[in-house]
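Report on the structure given below.
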Amino acid sequence: MPADILDKEIKFLPGVGPKRADLLDKELGIRTFGDLLYYFPYKHVDRTRFYKISQITGDLPYIQLEGIIKRVGIAGAGRNKRLTAIIADGTGTLELVWFRGLRWTGDLVKPGKKFLVYGKPTLFNNKVNLVHPEMEDPETQIKTISSALQAFYNTSEKMKNSFVTSRVISKLQNKLLTLVAGKIDETLPGWLTGKLRMEGINEALLNIHFPQSIENLKKAEYRLKFEELFYLQLNILRQKSGRNEKVKGFVFTRVGELLNTFYHYHLPFELTEAQKRVIREIRKDTGTGKQMNRLLQGDVGSGKTLVAIMSMLIAVDNGFQACLMAPTEILAAQHFRTISEILRELPVKVGLLTGSTRKKERTVLHGELISGELNILVGTHALIEESVQFRQLGLAIIDEQHRFGVAQRARMWKKSEHPPHILVMTATPIPRTLAMTVYGDLEVSVIDELPPGRRPVVTAHYYDNRRERLFGFLRKQIELGRQIYIVYPLISGSEKMDYKDLEDGYESITRAFPPPGYIVSIVHGQMKHENKETGMQQFISGRAHILVATTVIEVGVDVPNASVMVIESAERFGLSQLHQLRGRVGRGADQSYCILMTSHKLSNEARQRIKTMTDTNDGFEIAEADMKLRGPGDMEGTMQSGFPFALKIAHLGKDSQILEYARQQAISILDNDPMLEKPGNVILYRQLRKLNPEIEDWSRIG
Ligand code: ADP
Ligand code: MG
């Protein structure tokens, strides 16, 4: 059978037709036989167990029973009109109710007929009934592929209204599998499935939809998850090795004058061991002639900026320019200040370019970049605009990468005749499995140590009614000479309301902390850039005691004297945001505090988040908890991970072991056959091209 049976349009499957085909396409993106087969159930329910009507109570989950219809009737009127049927099995009777599809159901459900009934019991007026149960003729069940475990498929509201239920999808799968079973082309080489003792694709697809036992199902799941994760890794790793072969990097040979002088005379503090190690890794990478693509992970406050500065000095020492890109203007401006300050006695020229840089300054910057006069450019994404051209950009650093996508990273490549070395820095603690997938094409360095003398931030949860106590505590901290952040949420969609919260908050804070004894400044995204800068500057210089802000200060901001972070409506923030915000304090030697203010009404998930925050300061633990709470989907989304294909069955959080195993297999295959040219790997090559048609030429950069 030709490979393309799975490419056949879904409307040609008996029982589908143009209307249902349209629905399946619009609602689930199912267009072909293959799409349907790879539309996997989200759960399976044991259908070997039959309940007796006398055993059924209102609090049971889905149940199935067999019985004979006694009476059928219509009750109610208008929106309440419903079809009811009484079914009996010798131990009692039970009411079945339908509000929709009355005519269609009425034609099917007739007194005297025998049915397998499947549904979730509900209590209504103290009586148990089944609303919209699935009805099946015991005779027809014997004729189709049967299974002990019934698969359940997600369907949309629209589909339900057109009676394309989970049950219908299951029937379609049944028809499809009867047609194609045993004829589907294998998607993994036999030597690999053999070696790993996995079943073939035909068996796996049959067993995922119609398993005969739990064991059966587990085997099918494993095979399909493995396959998915394996190709994901093979794709990433293949791109990476293709790049290493093809792309020549600038060689930073010189052990530089600037770096030496800086290290011996201007280093503001002893480097931590972790910082030293990472700098060694970067020097090694940039000295070899290959192009560096490195991810630097380090928890908030671990001192990534210093590593960035020293790496840029290496580039400048070797006659190249370097740039540092930050996600916000506030952070870019801060980096510019820090770097200018720390390098003020060295012959290095540093510039700042953001969206609010005036045209005149911008023209000057552009000129200095082209002439090579400017050594280091700091900025926001304004840096990657077409008009910004360097004389010779040797190193591009991207701070807080989780805000940037792969596409932006790629644009950095075009700034030079050769692609510059790339260092991506992030404090977003990414669980290992996710890093392996999202950043699978990068080398990873980790700063796993905080500068000495840091005391862990003490985190407390206050309900709103303890505000007076909070203010008392804040006054004491101010007396001790400390500074305080108070952050309000800003969730798009209700921004107007949020700004009102912020303004009301600011007012009540100024009432509780009135001038001239106290100075409160404010910073938020709606302000003009100059005003933002003034607000920040007041706080950085130590004049303002309190900074009221939105999450514009979430990442990167570094004011070591600030020792208290108050987060208002903390229940509205995600875990990684809370962790980032907390990271704004605890940067000096003083004991720091993070106070999470919430209302009394907390969802279970919000309660979990708050508890995680008060339980641990460890970024990795928080990331794992985060992934368990909301799944990796969001994270993948925000990082625009550049997944060439969506995961249909594997789960990065739960299937980390399979992922790791799949990665090992992919590595060892590519080690032996980098171009996948060997006859035994033909399937791999073909399948990869099919899954990721975007890679026309594998040597091109992803
Ligand atoms: P992040 O990794 O979150 O970007 P920063 O680079 O902003 O962290 O550093 C956090 C704070 O720690 C800064 O105030 C910085 O000056 C300080 N710092 C960095 N490295 C060291 C070190 N080796 N010893 C002491 N303090 C350090
Ligand atoms: Mg930083």
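Note that these values count all heavy atoms, side chains included, but never hydrogens, waters or copies made by symmetry. Every number for a ligand or one of its atoms is a count from 1 in the order of the listing. For this chain, numbers begin at 1 and follow the sequence in order.
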- Item | Phe513 six-ring centre to Arg475 NZ/CZ under 6.0 Å and within 45° of normal |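 Ring-cation test returns yes.
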- Message: Distance under 4.0 Å, heavy atoms only, partner ligand 1: which residues pass?
- Response: Phe269, Glu270, Leu271, Thr272, Gln275, Asp299, Val300, Gly301, Ser302, Gly303, Lys304, Thr305, Pro451, Arg454, Asp558, Pro560, Arg587
- Task: Taking the side chain as every heavy atom from C-beta outward, state whether Phe262 and Leu343 have any pair of such atoms under 4.5 Å apart.
- Result: yes
- Item | Pairing residues for Asp615 by the salt bridge (Lys or Arg N to Asp or Glu O under 4.0 Å) criterion, not counting sequence neighbours |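 Partners of Asp615 under the salt bridge (Lys or Arg N to Asp or Glu O under 4.0 Å) test: Lys611.
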- Residue list, ring-ring contact (aromatic ring centres under 6.0 Å, His included) with Tyr485, at least two apart or on another chain: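 ring-ring contact (aromatic ring centres under 6.0 Å, His included) check on Tyr485 returns Phe539.
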- Message: Is it true that Asp399 and His335 share a donor-acceptor pair across their side chains at a distance under 3.5 Å?
- Response: yes
- Task: Taking side-chain hydrogen bond (donor to acceptor under 3.5 Å, both in side chains) as the test, write out the residues that go with Arg337, two or more places apart.
- Result: Glu533, Gln537
